[in-house]
Amino acid sequence: MSKKIDEFMAKVIERNPSEPEFHQAVREVVESIMPFIEKNQKYQKAKILDRMIEPERVIMFRVPWLDDKGEIQINRGYRIEMNSAIGPYKGGLRFHPSVNLGILKFLAFEQVFKNSLTTLPMGGGKGGSNFDPKGKSDNEVMKFCQSFMTELQRHIGPDTDVPAGDIGVGGREIGFLFGQYKRLRNEFTGVLTGKGLDWGGSLIRPEATGYGCVYFVQEMLKTRGESLKGKVCTVSGSGNVAQYTVEKLTHLGAKAVTLSDSSGFIYDPKGIDEQKLEFVMELKNVKRGRIKEYADEFKCKYFEGKFPWEIKCDVAFPSATQNEIHEGDAKKLVKNGCVAVGEGANMPSTPEAVEIFLDAKILYAPGKASNAGGVATSGLEMSQNSQRLTWTRDEVDEKLLQIMINIHQSCVKYGKDGGSKYVNYVNGANIAGFVKVADAMLDHGVV
Ligand code: NDP
Ligand code: 2IT
């Protein structure tokens with residue numbers, strides 16, 4: 001089997017040079033899927049896996065804009081329309097200087113499986129730009145978003161491709177993007193999700209990724225007769241996903257003790273309670289300051305240039321970016337007694353780190369399962385937009401919880417390791433996500 005996987009990967013690498021994150025994401029899936037399709041020849045014959053690693057469409061474009069000094073800036077924009085077998089392309093936009101084709105292809109590929117797991121009718125896509133919102137004025141961010149959407153608008157639509165937020169794209173950016181789309185197309189539609197509540201957004205969408213991740217971990221802990229109550233949790237990042245992870249953990253009686261940004265992390269052994277979280281939200285979402293200011297405000301330790309994985313915890317929630325947990329970090333986490341990892345970020349653990357978690361048989365949830373609550377709630381926003389109705393906070397939260405429970409069940413169904421009780425959530429998520437998309441592709445013929 002490993003020879004077959006190596007041969008497959010050699011072709012992927014040759015065809016997609018200089019895209020290490022894409023190779024990494026594909027290998028993880030192929031390792032789970034190859035044994036499965038060996039037993040299910042119909043997928044093999046129809047070359048489903050070969051087709052799934054080839055985006056249906058890749059769009060790359062120039063984004064010129066004028067900064068506050070009147071100087072011309074040029075960024076590169078992208079949209080990867082990966083797979084539309086089960087619904088319109090759906091997935092976020094990332095604005096970060098590290099953005100390149102390979103990173104967006106990895107994210108779009110993951111999104112296909114994630115969206116399938118949600119049970120909602122959404123294909124997979126991802127986009128973004130190497131634009132860095134950090135240090136830019138609101139006016140500059142608006143100018144950039146307007147230019148970005150001026151090109152993107154011709155490729156998207158409520159039944160074609162529905163973008164949303166990701167790193168560097170939150171409520172402010174979605175507002176500017178939506179405003180420009182509406183103006184250019186003269187249409188008020190649900191073409192983006194994560195919209196403001198006054199103009200078509202869904203309650204709970206901002207909270208959904210973090211809440212959903214905590215719900216998923218809660219389900220995993222239940223399989224071992226445990227709960228989150230009293231658990232010490234480390235969280236990385238301090239953006240959308242991290243903030244609402246901390247909020248839900250606090251509601252459920254757990255204690256979140258860390259947060260980070262790209263400069264370093266803070267460690268607050270007393271716990272980040274509701275009032276401290278309010279400070280973080282104001283700091284990050286309004287003032288757009290650095291997490292170090294938390295340590296100054298609440299007199300706790302700040303670790304420059306590090307992620308928080310050396311801190312002893314029961315559960316870890318990596319919620320910043322890809323490959324933030326390396327092999328050594330994983331070893332430290334396991335050695336310090338960590339029993340579960342819930343990935344809020346996409347692919348935050350390196351393959352070596354994943355292996356450590358699986359070997360130690362801790363409860364390890366890959367991002368495409370545990371962070372699917374965000375896009376699932378985007379799917380619920382699309383439903384509400386189509387119906388021209390808004391559901392209450394409790395209705396959406398209840399649906400989100402049920403979706404996370406269902407995703408967990410699918411992972412258990414496909415991830416049971418032989419006769420043993422142990423659930424390999426990586427295999428579970430990959431196979432469960434694959435089957436629905438693959439069957440739809442079989443139905444559609446050679447397209
Ligand atoms: P935000 O932009 O709101 O926050 C990102 C956080 O991560 C910031 O604290 C940021 O620090 C930190 N970070 C980003 N890049 C790096 C890096 N290279 N090194 C160290 N720290 C970094 O993004 P989100 O919270 O929305 O996204 C976080 C993760 O969750 C991403 O992996 C995203 O793909 C994933 N995700 C997001 C969903 C959503 O609905 N928003 C849904 C599912 C997954 P700084 O401000 O210093 O850059
Ligand atoms: O990675 C993700 O799932 C997201 N950034 C959310 C995508 C969405 O369409 O809500």
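All values reported here derive from a predicted model rather than from experimental measurement. Counting starts at 1 for both ligands and their atoms, in listed order. Excluded from the calculations below are hydrogen atoms, water molecules and symmetry mates; all remaining heavy atoms, backbone and side chain alike, are included.
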Exercise for the section: Identify, by atom number and element, the atoms of ligand 1 in contact range of Ser238, meaning under 4.0 Å from any of its heavy atoms. Expected result: 9 (O)
Handout entry: Nearest heavy-atom neighbours spanning Pro55 and Ile80
Key = CB-CG2, 4.0 Å
Exercise for the section: Compute the ring centroids of Phe307 and Phe303, then answer whether they are less than 6.0 Å apart. Expected result: no
Completion exercise
In ligand 1, the atoms that come under 4.0 Å of a heavy atom of Arg94 are 31 (C), 32 (O), 33 (C), 34 (O)
Practice task
Just let me know how Glu381 lines up against ligand 2, side chain, backbone, both or neither, with a heavy-atom cut-off below 4.0 Å.
Solution key: neither
Problem - Any Gly165 heavy atom less than 4.0 Å to ligand 2 - result: yes
Problem - Protein heavy-atom partner closest to atom 3 (O) of ligand 1 - residue, atom, separation in Å - result: Asn240 N, 2.9 Å
Practice task
Any atoms of ligand 1 less than 4.0 Å from a non-hydrogen atom of Ala345? List them with their elements.
Solution key: 29 (C), 30 (O), 32 (O), 35 (C)
Problem - Crowding at CZ, Arg288 (>12 non-hydrogen neighbours, <6.0 Å) - result: yes
Handout entry: For atom 9 (O) of ligand 2, closest protein heavy-atom neighbour
Key = Lys90 NZ, 2.6 Å
Handout entry: Those atoms of ligand 2 less than 4.0 Å from some heavy atom in Arg205
Key = 6 (C), 8 (C), 10 (O)
Practice task
Provide the number and element of each atom of ligand 2 under 4.0 Å from a heavy atom of Lys126.
Solution key: 1 (O), 2 (C), 4 (C), 5 (N)
Fill in the blank from the handout: Taking every heavy atom of Lys136 against every heavy atom of Val141, the minimum-distance pair comes out as CB-CG2, 3.9 Å
Fill in the blank from the handout: Among non-hydrogen protein atoms, atom 24 (P) of ligand 1 lies closest to Val241 CG2, 3.8 Å
Practice task
Could you establish whether Ala372 and ligand 1 come within less than 4.0 Å of each other, counting only heavy atoms on the residue side?
Solution key: no
Exercise for the section: Say whether Asn346, considering both its backbone and side-chain N or O atoms, lies within less than 3.5 Å of an N or O atom on ligand 1. Expected result: yes
Problem - Main-chain N/O of Val112 paired to Ser116 side chain as donor or acceptor, under 3.5 Å - result: no
Completion exercise
Tightest non-hydrogen contact, residues Ala208 and Thr377, listed as CB-OG1, 3.2 Å
Practice task
Please examine the side chains of Pro88 and Glu81, heavy atoms only from C-beta on, and report whether any two atoms are closer than 4.5 Å.
Solution key: no
Problem - Shortest protein heavy-atom distance from atom 13 (N) of ligand 1, along with the residue and atom involved - result: Ala320 CB, 4.1 Å
Problem - Contact check, side chains of Asn427 and Phe36, non-hydrogen atoms, under 4.5 Å - result: no
Completion exercise
Correct closest heavy-atom pair for Phe22 and Gly102 would be CB-O, 3.8 Å
Practice task
Determine whether any heavy atom of Gly170 lies closer than 4.0 Å to an atom of ligand 1.
Solution key: no
Practice task
Measure the acute angle between the ring planes of Phe131 and Phe144, then classify it against the limits of 30° and 60° as parallel, tilted or perpendicular.
Solution key: parallel
Practice task
Give yes or no for whether the N/O distance cutoff of 3.5 Å, strictly under, is met between Arg205 and ligand 1.
Solution key: yes
Fill in the blank from the handout: Near Ala164 (heavy-atom distance under 4.0 Å), the atoms of ligand 2 are 8 (C), 9 (O), 10 (O)
Problem - Atoms in ligand 2 flagged as close to Lys114, the criterion being non-hydrogen separation under 4.0 Å - result: 1 (O), 2 (C), 3 (O)
Practice task
Give the atoms of ligand 1, by number and element, whose distance to some non-hydrogen atom of Ser260 is under 4.0 Å.
Solution key: 9 (O)
Handout entry: Distance-only N or O hit between ligand 2 and Ser378, under 3.5 Å
Key = yes
Problem - Ligand-residue contact atoms, ligand 1 with His96, heavy atoms, under 4.0 Å - result: 15 (N)
Exercise for the section: Identify the heavy atoms of Lys231 and Val315 that sit nearest to each other, and give their distance. Expected result: CD-CG2, 4.3 Å
Practice task
Compute the centroid of each ring, for Tyr267 and then for Tyr294, and state whether the two points are separated by less than 6.0 Å.
Solution key: no
Practice task
Report the distance from atom CE of Met82 to atom NZ of Lys126, rounding to the nearest 0.5 Å.
Solution key: 13.0 Å
Exercise for the section: Please indicate whether any nitrogen or oxygen in Ser262 is less than 3.5 Å from any nitrogen or oxygen in ligand 1. Expected result: yes
Handout entry: Atoms of ligand 1 close to Ser319 [distance to a heavy atom under 4.0 angstrom, numbered from 1]
Key = 28 (C), 29 (C)
Practice task
Check whether any N or O atom of Thr209, backbone or side chain, sits under 3.5 Å from an N or O atom of ligand 1, and answer yes or no.
Solution key: yes
Exercise for the section: Flag the pair Arg94 and Asp166 as a salt bridge only when some basic side-chain nitrogen lies within less than 4.0 angstrom of an acidic carboxylate oxygen. Expected result: yes
Problem - With Ser202, the side chain to side chain donor-acceptor pair (under 3.5 Å) member among Gln384, Arg393, Glu381 - result: Gln384
Handout entry: Protein contact of atom 7 (C) of ligand 2 - nearest heavy atom, named by residue and atom, plus distance
Key = Gly92 N, 3.5 Å
Exercise for the section: With ring-ring contact (aromatic ring centres under 6.0 Å, His included) as the test, would you mind laying out the steps for Phe178 and Phe188 before giving the verdict? Expected result: CA-CA 9 Å; Phe178 182 82; Phe188 195 111; 5.2 Å; yes
Problem - 4.5 Å side-chain heavy-atom contact, Leu400 and Ile204 - result: yes
Exercise for the section: Side-chain contact test, heavy atoms from C-beta onward, threshold under 4.5 Å: evaluate it for Pro351 versus Arg27 and give yes or no. Expected result: no
Fill in the blank from the handout: So the atoms of ligand 1 within less than 4.0 Å of a heavy atom of Asn371 turn out to be 43 (C), 44 (C)
Practice task
Return yes when Lys134 approaches ligand 1 closer than 4.0 angstrom through a heavy atom, no otherwise.
Solution key: yes
Handout entry: Distance from atom 18 (N) of ligand 1 to nearest protein heavy atom, with residue and atom
Key = Thr321 CG2, 3.7 Å
Practice task
For atom CD of Gln275, decide whether the heavy atoms of other residues, nucleotides or ligands shown that lie under 6.0 angstrom number more than 12.
Solution key: no
Handout entry: Residue Arg290 vicinity, atoms of ligand 1 by number, heavy atom under 4.0 Å
Key = 46 (O), 47 (O)
Problem - Any N/O pair Gly168/ligand 1 closer than 3.5 Å - result: yes
Exercise for the section: Give a yes or no on whether the ring-centroid distance for Tyr414 and Phe434 is below 6.0 angstrom. Expected result: no
Practice task
Mark the output for Gln243 as yes if a heavy-atom distance to ligand 1 is under 4.0 Å, and as no if none is.
Solution key: no
Practice task
Tell me which one of Gly344, Gly165, Gly367 gets a heavy atom nearest to atom 44 (C) of ligand 1.
Solution key: Gly344
Fill in the blank from the handout: For Gly91, the atoms of ligand 2 under 4.0 Å from one of its heavy atoms are 7 (C), 9 (O)
Practice task
Can you pull out the closest protein heavy atom to atom 23 (O) of ligand 1? Residue, atom name and distance to 0.1 Å, please.
Solution key: Ile167 CA, 3.4 Å
Handout entry: Short N or O distance, Asp166 and ligand 1, threshold 3.5 Å exclusive
Key = yes
Practice task
Check Leu107 against ligand 2 and report side chain, backbone, both or neither, counting heavy atoms closer than 4.0 Å.
Solution key: neither
Practice task
Give the residue, atom name and distance (to 0.1 Å) of the protein heavy atom nearest atom 4 (O) of ligand 1.
Solution key: Gly239 CA, 3.3 Å
